[in-house]
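Input: a single structure, listed below in structure tokens.
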Amino acid sequence: MKKIEKKDIWLFLAQAAVWLIILLSLPLATFLSTQDLHATKTSFFVVWGILQAPLVIYFVNFYILGPFLFFRQKYLFFALCNLLLILALNYPFLYVWLKRDSLPEMPNMTPNMWIGFFSGFFMFLLLNCVVAAIAIAILHFIRTRKIKEQLKDEKAKNTEAELAWLKNQINPHFLFNTLNNISSLTQIDPDAAQDAIAQLSDLLRYAMYETNKNTVPIEGEVEFMRNYISLMKLRCNEKTEVVTTFDIKKNIDIAPLLFISLVENAFKHGVSSSRPSKIDIRLLQNDDELIFNCDNTNYPKDDADRSGSGIGLENTRRRLDLMYRDRFKWEQELKGDIYHVRITLSIEH
């Protein structure tokens, strides 16, 4: 059974207030115009006699027949219940019709009087049906809005979870290979190995403790990318040229680890152990734009090679769409043997 919440109580009170206003409008107008309490009382009972059936039909449809029959697609049973309810609430008309031969005043009714009688009866039936339709329409509107709000909340939760997953991805193959490279480096150049360990420590510390926010200072992102690129270069031979340019004029906040999968992708697909390779990574800041540009030679890996990005270009674009909708421009193309990707972000001041 659904738990009654405060908003449900307020909804009921609001509907009751509307019906009370409708019931009291004519009696109040009568009192203000005549100052006659008897006429006001008579007016109220006339209005009550007309609206008591629609009032009951409205609330029965809104709280019982609508939720338990109509919105469970039991339309035939819903229509039958409404028909029986309407006929039961309009029993005076049925009583007059069924007892027309035994009531003393009935034989004196003229055809025009019977026409008026049946016209009134059908008008009441129509009014009741309209009120039932209004109740279902209002309930449908409320349910639709509630479903949209729930979907919006679920989407927000999924977005937060997706962003948390995306921004906290550090490829385990990268860690494994980096540790192997550092291990080998300790035998060749212990000082360089010590520097690499410090860079890896800074990288992991940043990824674990500094990226738990929606945005981070770009200076931290630049330092993270410098460390990451420096560690990735340990895997490259003398045939690989890596060029980086970071031109940040002032500190701004951006989404954490936003460009790292593109850097991973460049090292995965841009480096060959036997052929000349080049990677050119640039991050430039203009007055109102932040531009990330990456060019690399193109040596596609097969599906068995898991050494590169665990996120990939598709998820990077997804994250940009989540965080910078309508505020980013994505360009990518393959020119000869050079793969090019460029992201332009609009900077908010």
Side-chain angles (χ1 to χ4, degrees), residues 144-145 147-174 203 206-208 210-225 228-229 245-248 250-270 279-296 298 300-301 303 306 308-335 338-349:
T144 301
R145 189 175 66 174
I147 291 172
K148 287 182 178 179
E149 289 176 354
Q150 290 175 342
L151 290 175
K152 186 177 179 180
D153 291 340
E154 289 299 320
K155 184 178 180 181
K157 291 178 182 178
N158 291 337
T159 298
E160 291 174 3
E162 183 175 2
L163 288 176
W165 179 80
L166 288 170
K167 74 182 183 181
N168 288 301
Q169 291 297 301
I170 293 296
N171 195 299
H173 296 280
F174 159 75
L203 184 147
Y206 180 83
M208 293 177 64
E210 303 296 331
T211 61
N212 294 324
K213 308 171 186 176
N214 289 332
T215 60
V216 294
I218 196 171
E219 291 178 351
E221 284 294 293
V222 169
E223 185 63 24
F224 178 86
M225 281 193 286
Y228 187 89
I229 293 169
T245 303
F246 296 98
D247 184 11
I248 304 300
K250 61 180 179 180
N251 197 22
I252 59 173
D253 290 340
I254 64 170
L257 307 182
L258 188 60
F259 306 116
I260 196 62
S261 65
L262 301 176
V263 177
E264 284 185 275
N265 198 70
F267 278 95
K268 175 182 179 181
H269 297 292
I279 297 175
D280 186 356
I281 298 171
R282 285 169 283 163
L283 184 61
L284 310 175
Q285 180 186 357
N286 296 329
D287 291 336
D288 57 353
E289 289 182 336
L290 183 66
I291 303 170
F292 176 85
N293 196 91
C294 184
D295 296 308
N296 57 267
N298 186 48
K301 303 295 190 295
D303 293 337
R306 303 293 182 180
S309 172
I311 303 175
L313 299 180
E314 182 179 347
N315 283 334
T316 301
R317 293 198 64 169
R318 170 64 175 156
R319 191 176 181 202
L320 284 166
D321 190 53
L322 291 171
M323 296 290 291
Y324 296 95
R325 182 179 296 275
D326 300 325
R327 291 174 46 212
F328 78 94
K329 183 179 179 181
W330 177 286
E331 304 170 38
Q332 71 179 83
E333 60 180 337
L334 182 62
K335 289 185 177 180
I338 299 297
Y339 179 80
H340 167 79
V341 61
R342 179 188 180 96
I343 297 173
T344 304
L345 295 180
S346 176
I347 300 173
E348 291 184 343
H349 294 285

**Heavy-atom check, side chain of I254 versus side chain of L290, under 4.5 Å** = yes
**Message:** Treating N251 as the side-chain partner and I218 as the backbone partner, does any N or O pair qualify as donor plus acceptor under 3.5 Å?
**Reply:** yes
**Item:** Least distance between heavy atoms, G270 atom then N296 atom
**Value:** CA-ND2, 3.7 Å
**Message:** Tell me every residue that passes ring-ring contact (aromatic ring centres under 6.0 Å, His included) with F292, counting only those two or more places apart in sequence or in another chain.
**Reply:** F259
**Request:** Could I get the full list of salt bridge (charged side-chain N to carboxylate O under 4.0 Å, His left out) partners for R282, not counting sequence neighbours?
**Result:** D280, D295
**Asked** Counting distance only, does the side-chain N/O of Y324 pair as donor-acceptor with the main-chain N or O of A255 below 3.5 Å?
**Response** yes
**Asked** Can you check whether V216 reaches D253 side chain to side chain, under 4.5 Å on heavy atoms?
**Response** no
**Message:** If we check side-chain contact (heavy atoms from CB on, under 4.5 Å) with E221, which of these qualifies: L257, I260, I252, I248?
**Reply:** L257
**Item:** Side-chain heavy atoms of M225 within contact of L283, under 4.5 Å
**Value:** yes
**Prompt:** What pairs with Q332 under side chain to side chain donor-acceptor pair (under 3.5 Å), at least two apart in sequence or on another chain?
**Reply:** W330, Y339
**Asked** What pairs with E149 under side-chain contact (heavy atoms from CB on, under 4.5 Å), at least two apart in sequence or on another chain?
**Response** R145
**Message:** Run the ring-ring contact (aromatic ring centres under 6.0 Å, His included) test against Y206 and tell me which residues pass, sequence neighbours left out.
**Reply:** F224
**Fill in**
Heavy-atom closest pair (C294 atom, I281 atom, distance to 0.1 Å) is SG-CG1, 3.9 Å
**Asked** When you look at T316 and L258, which way does the side-chain contact (heavy atoms from CB on, under 4.5 Å) test go after all the steps?
**Response** CA-CA 7 Å; T316 301; L258 188 60; 5.6 Å; no
**Message:** Quick check: closest heavy atoms across N286 and I347, and the distance to 0.1 Å?
**Reply:** O-CD1, 4.2 Å
**Request:** Mind checking side chain to side chain donor-acceptor pair (under 3.5 Å) for D321 and listing every partner two or more places apart, or none if nothing turns up?
**Result:** R325
**Chi angles and distances behind the side-chain contact (heavy atoms from CB on, under 4.5 Å) call for R342, I291** = CA-CA 7 Å; R342 179 188 180 96; I291 303 170; 3.6 Å; yes
**Which atom of H340 lies closest to which atom of N293, heavy atoms considered** = CE1-OD1, 3.0 Å
**Asked** So do Y228 and V263 actually touch side chain to side chain, heavy atoms under 4.5 Å?
**Response** yes
